[in-house]
Trainee: 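Pasting in a structure now, in structure tokens, and then I'll have a few things to ask.
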Number of protein chains: 2
Amino acid sequence: MTNTSKIKVYQEVLDKIRQFIEANSLSEGDRLPSERELAEQLNASRSSVREALRAIELLGLIETKHGEGTFLKTYRPYHTVELLATFVLRQPTTKHELLEVRHLLEEQCLSKLISSEQQSFKELIDSTKQYNGQDLHTFVFSELFELVDNELFYKIWHLINNFSQTTYSNKLDYDRYINLVLSVESQDLSSALQDLNSIYEK
Amino acid sequence: MTNTSKIKVYQEVLDKIRQFIEANSLSEGDRLPSERELAEQLNASRSSVREALRAIELLGLIETKHGEGTFLKTYRPYHTVELLATFVLRQPTTKHELLEVRHLLEEQCLSKLISSEQQSFKELIDSTKQYNGQDLHTFVFSELFELVDNELFYKIWHLINNFSQTTYSNKLDYDRYINLVLSVESQDLSSALQDLNSIYEK
DNA sequence: TAAATTCAAGTGGTCTGACCACTACTTTAA
DNA sequence: TTAAAGTAGTGGTCAGACCACTTGAATTTA
């Protein structure tokens, strides 16, 4: 019946690896112990270790180099998202929640920016006008979040944003985003929030 | 040189599985071929197949039942988001950042509650007064976040909250938290935010 | 006949040991 | 001094072996 308690070896390994990273405060580019070493130290077979490593590799958290080793990687979930997209039939509720949270985070971002020292957004406006990529929203907010100077905050938004990839913006949106930035620049919070709303309601 | 093109077996397997799912239009609950079957059909070893399966299992896309088989699962981004968050959060993060983000999530929580339909907080106030545990903050906000009806939002806060292990509340805090809830009840946002601030500034 | 038991086949879970391919470094030879 | 060859360590992959578990059929029992 209630069998869910069975923890698999590869999951334990996963946890141990995470702990190892934390304990040795490894960061981007650092090398993990070899598969054989991990297997021995964690008292697991190399296969199990590999299952764990492959899993977090797919998540984009590590990178393996044949003949060299396994390395921590800067987290970039792009390929994960692509992968997921092909597998997933998204559920409406879920999608709604994702967007709601994203919206929330962005509101706070704007609020933070406005309540901090005034700064110029000239460059951002220019680069927005010239932006030619797929996802204007991501572009603009990446820039805005970076200004907030809270790495964690940025990462969380980034994470959510990647999962809520939905409709790609059409050209009309340029105006909306530029208005938004202008509102931020003039430190008008309620106007900025309204601009953001209009983007979401579209 | 251009070595990046080296595709690993487990990635090919992954792709084939995806194609299989698509071709047979499998959906939630349907069973995939057994590991041994997949290995044979895809001309790979069982280990490689398992590496692929473990990876997407970790992503939350499939579910394996010992002795039964491997099944497609309803996809919940929470799972992935949570998983990734545990890694992201373990990267060097200052306590200040954690608290700032937590604070900010809580502000949004209050804001959401206040802008939604009015509700009674009588029970919450009572149980807060009687609360006898270690962490009043967690208690009160767990309740508040649940009222927001966005599971993802709740989970993110929960994660951050766990990592920002602060602390011990002294009795004086009871008043602060009760005031906070009262402000929410009377739908007075600015007052609620102020109450929250006073908790953080303490 | 109906119910309980036993048993066999199929499945995932794990481990071992073996090669191969690649990299970086050391040793050797020119 | 420099170039080449060798070597040790690493990830990549595979084959095969058990084990634990589930299911359903065959068998036994009531």
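Convention: sequence-line order gives letters A, B, ...; per-chain numbering from 1.
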Trainee: Name the residue closer to the 5' end of DNA chain C, choosing between A:K8 and A:E68 according to the nucleotide with the nearest heavy atom.
Mentor: A:K8
Trainee: Take the protein atom CZ of A:R31 and the nucleotide atom P of C:dA24, then report the distance between them rounded to whole Å.
Mentor: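 Distance check: A:R31 CZ to C:dA24 P gives 12 Å.
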Trainee: Just jot down the side-chain contact (heavy atoms from CB on, under 4.5 Å) partners of B:T138, sequence neighbours excluded, or say none.
Mentor: B:D135, B:S142, B:W157, B:N161
Trainee: How many whole angstroms separate atom OH of A:Y10 from atom P of C:dG12?
Mentor: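 Taking OH of A:Y10 and P of C:dG12, I get 14 Å after rounding.
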Trainee: What pairs with B:F141 under ring-ring contact (aromatic ring centres under 6.0 Å, His included), at least two apart in sequence or on another chain?
Mentor: B:H137
Trainee: Starting from C1' on C:dA21, measure out to CD1 on B:I7 and report it in whole angstrom.
Mentor: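 Computing the B:I7:CD1 to C:dA21:C1' distance gives 17 Å.
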Trainee: Verify the contact: side-chain N or O of A:S48 to OP1 or OP2 of C:dC15, cut-off strictly under 4.0 Å; return yes or no.
Mentor: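 Checking A:S48 against C:dC15: at least one side-chain N or O falls below 4.0 Å of OP1 or OP2.
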Trainee: Is A:K129 close enough and on-axis enough to A:Y174, meaning under 6.0 Å and within 45°, for cation-pi?
Mentor: no
Trainee: Would you please name every residue forming a side chain to side chain donor-acceptor pair (under 3.5 Å) with B:E100, sequence neighbours left out?
Mentor: A:K112, A:N150
Trainee: What is the distance from CZ of A:R50 to P of C:dG13, rounded to the nearest Å?
Mentor: 18 Å
Trainee: Taking only the side-chain nitrogens and oxygens of A:T64, find out if one of them lies under 4.0 Å from OP1 or OP2 of D:dT10.
Mentor: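 Negative; the distance criterion is not met.
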Trainee: Among residues two or more places apart or on two chains, list those pairs meeting ring pair (Phe, Tyr, Trp, His ring centres under 6.0 Å) that have a residue in residues 98-123 of chain B.
Mentor: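 Listed by first then second residue: B:H103-B:Y200.
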Trainee: Got a second to check how far B:L58's CG is from B:L53's CG, nearest 0.5 Å?
Mentor: 12.5 Å
Trainee: Which atom pairs link the protein and nucleotides 3-7 of chain D when you take only N or O atoms and keep those under 3.5 Å?
Mentor:
none

Trainee: What integer distance in Å separates B:L58:CG from C:dG13:P?
Mentor: 14 Å
Trainee: Mind calculating the distance between CD (B:E40) and C1' (C:dT11) to the nearest angstrom?
Mentor: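 Atom-to-atom, B:E40 to C:dT11, this comes out as 15 Å.
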Trainee: Under 4.0 Å, counting only non-hydrogen atoms across every strand here, what does A:E37 touch: a base, just sugar-phosphate, or nothing?
Mentor: sugar-phosphate
Trainee: Within the sub-3.5 Å range, which N or O atoms of nucleotides 15-20 of chain D have a protein N or O partner, and how far apart are they?
Mentor:
{"residue": "D:dA20", "atom": "N3", "partner": "B:H66", "partner atom": "NE2", "Å": "2.8"}

Trainee: Salt bridge check, A:R54 against A:E35: does any charged N sit closer than 4.0 Å to a carboxylate O?
Mentor: yes
Trainee: What is the distance, rounded to the nearest whole Å, between atom CD of B:E51 and atom C1' of D:dG11?
Mentor: 10 Å
Trainee: Rounded to whole Å, please give me the gap between CD in A:E57 and P in D:dG12.
Mentor: 7 Å
Trainee: Test A:Q130 against A:D126 for side chain to side chain donor-acceptor pair (under 3.5 Å), laying out the working first.
Mentor: CA-CA 6 Å; A:Q130 280 162 25; A:D126 284 347; over 6 Å; no
Trainee: D:dT10, OP1 or OP2 - any side-chain N/O from A:T70 closer than 4.0 Å?
Mentor: no
Trainee: Can you tell me if B:Q194 has over 12 outside heavy atoms packed within less than 6.0 Å of its CD?
Mentor: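 It does not: B:Q194 CD has 12 such atoms or fewer within range.
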